Trainee: 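One structure coming up, written as structure tokens, with questions to follow.
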Number of protein chains: 2
Amino acid sequence: MALTVDTVADTALRILSDFGLGDLTMRRLARELGVQPSALYWHVADKQSLFVLLAERISAEAEAAARPAETDHSARILTFREVLLRYRESAEIVILAYSVSGAQVLPAGLRELEPGLREQIVAFVLGAVAVEQSRAMLARAPEPTAAQSFRAGLDALLGA
Amino acid sequence: MALTVDTVADTALRILSDFGLGDLTMRRLARELGVQPSALYWHVADKQSLFVLLAERISAEAEAAARPAETDHSARILTFREVLLRYRESAEIVILAYSVSGAQVLPAGLRELEPGLREQIVAFVLGAVAVEQSRAMLARAPEPTAAQSFRAGLDALLGA
DNA sequence: ACCTGAACACCGTTCAAGT
DNA sequence: ACCTGAACACCGTTCAAGT
């Protein structure tokens with residue numbers, strides 16, 4: 001059956017979480033889908049717009065993972081961080097996608113924030129995750145205090 | 001005269017600031033230096049270790065730019081942000097280098113901070129600059145409020 | 001509408017061999 | 001010690017042509 005943009009994005013996300021950004025190439029993606037690389041360009045304009053799709057999916061997952069009981073922003077942001085940490089190098093992708101498309105690539109909990117504060121929180125979350133993921137990629141031991149440090153910074157930014 | 005690791009790094013930094021990360025390839029770097037690409041590998045182990053050198057130079061520049069009168073951390077961090085903004089995509093490079101080498105790639109003003117707070121500040125600074133630089137790369141208008149928003153977030157983190 | 005085949009203009013890295 | 005030359009195993013993207 002014919003490829004769809006959804007199967008392309010699903011497969012891309014799987015490569016990302018299993019092998020990382022270095023292995024997420026258009027050629028590799030095509031191979032896993034059993035088509036020629038050029039076939040992908042009928043479904044997505046280029047690699048960058050594929051990244052935007054991936055960022056949207058990751059955000060959607062963060063939204064789905066947020067328990068409805070979580071009424072405060074703090075809990076939702078912590079969930080967003082955890083979902084990001086599931087996908088290697090997702091921070092880099094979301095940075096790009098956020099720059100391209102703005103708040104729409106963020107989970108609802110972050111979209112609602114007043115713009116100035118949102119910008120601060122986005123910088124902090126993506127920066128923190130980017131550093132953590134970069135360390136993980138290099139097979140360096142993760143900072144054991146990363147989660148606590150994140151919480152503390154988040155509280156400071158939220159004025160808690 | 002023979003190449004040195006310093007001329008390699010200088011030229012790399014010039015390519016980075018003038019043309020961006022996409023143009024900073026080992027082949028292009030070699031071309032500008034008038035040597036074969038393979039010659040570079042006598043001076044640097046690989047591209048990643050070149051990035052660490054670049055991050056160290058950028059931090060050194062931030063240190064040099066900090067006026068000695070600036071006794072508070074806040075002013076030094078603002079200077080670091082400004083120096084980072086001078087080099088396209090420098091945030092990505094410093095994220096990688098900080099993950100590899102830790103605090104030694106940071107300007108002195110940041111190195112002195114107590115580790116938990118330092119980690120928060122680094123995440124915030126690099127995340128904020130990464131988003132700004134990503135927007136600039138896409139030729140999207142910079143957020144006019146970026147500097148104020150950064151200041152506000154920084155004050156919150158520093159408990160000011 | 002959807003995909004193939006072939007091409008274009010590139011990459012990072014290694015390593016024998018030269019000087 | 002420092003560099004060349006040639007190769008290896010890749011990239012993203014375009015576009016005529018096929019079905």
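Not measured: the values here are computed from a predicted model.
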Trainee: Looking only at heavy atoms, what is the nearest atom pair of A:Thr79 and A:Ala62, with distance?
Mentor: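 Looks like CG2-O, 3.9 Å.
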Trainee: Between A:Ser149 and A:Glu143, is there a side-chain heavy-atom distance shorter than 4.5 Å?
Mentor: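 A side-chain contact is absent here, since even the closest heavy-atom pair is not under 4.5 Å.
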Trainee: Does A:Arg14 make a cation-pi contact with A:Tyr87, if we ask for NZ or CZ under 6.0 Å from the ring centre and within 45° of the axis?
Mentor: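 Ring-cation test returns no.
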Trainee: Quick one: list whatever passes ring pair (Phe, Tyr, Trp, His ring centres under 6.0 Å) with B:Phe124, sequence neighbours left out.
Mentor: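 Applying ring pair (Phe, Tyr, Trp, His ring centres under 6.0 Å) to B:Phe124 gives B:Phe150.
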Trainee: Once pairs are restricted to Watson-Crick or G-U wobble with both distances under 3.5 Å, how does DNA chain D read as a dot-bracket string, [ ] for crossings and | for other-strand pairs?
Mentor: ||.|||||...|||||.||
Trainee: Would you mind reporting whether B:Val122 and B:Leu113 have side-chain heavy atoms less than 4.5 Å apart?
Mentor: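 Heavy-atom side-chain distance check fails, nothing below 4.5 Å.
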Trainee: Give a yes/no answer on whether the side chain of B:His43 brings an N or O atom under 4.0 Å of OP1 or OP2 in D:dC3.
Mentor: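 Yes.
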Trainee: Using a cut-off of 6.0 Å, state whether more than 12 heavy atoms not belonging to A:Arg151 lie near its atom CZ.
Mentor: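 At most 12 heavy atoms, drawn from other residues, nucleotides or ligands, come within 6.0 Å of this atom.
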Trainee: Would a 4.5 Å heavy-atom cut-off, applied to side chains only, mark B:Thr4 and B:His43 as touching?
Mentor: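 No, side chains not in contact.
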Trainee: Spell out protein contact along nucleotides 6-19 of chain C as letters: B when the base is contacted, S when just the sugar-phosphate is, - when no protein heavy atom is under 4.0 Å; keep the 5' to 3' order.
Mentor: -B---BBBBB----
Trainee: Give me the distance, rounded to whole Å, that separates D:dC10 from C:dC8 when you measure between the C1' atoms they each carry.
Mentor: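 The same atom, C1', in both gives a distance of 15 Å.
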Trainee: Taking atom C1' of D:dT4 as reference, at what distance in whole Å does atom CG of B:Leu33 sit?
Mentor: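 The answer, rounded to whole Å, is 15 Å.
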Trainee: Considering residues, nucleotides and ligands other than A:Arg118, do more than 12 of their heavy atoms fall under 6.0 Å from its CZ?
Mentor: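 Correct, the count exceeds 12.
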Trainee: Between A:Gln36 and C:dC3, does any side-chain N or O lie under 4.0 Å from OP1 or OP2?
Mentor: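 So the side-chain polar atoms of A:Gln36 never come under 4.0 Å of the phosphate oxygens OP1 or OP2 of C:dC3.
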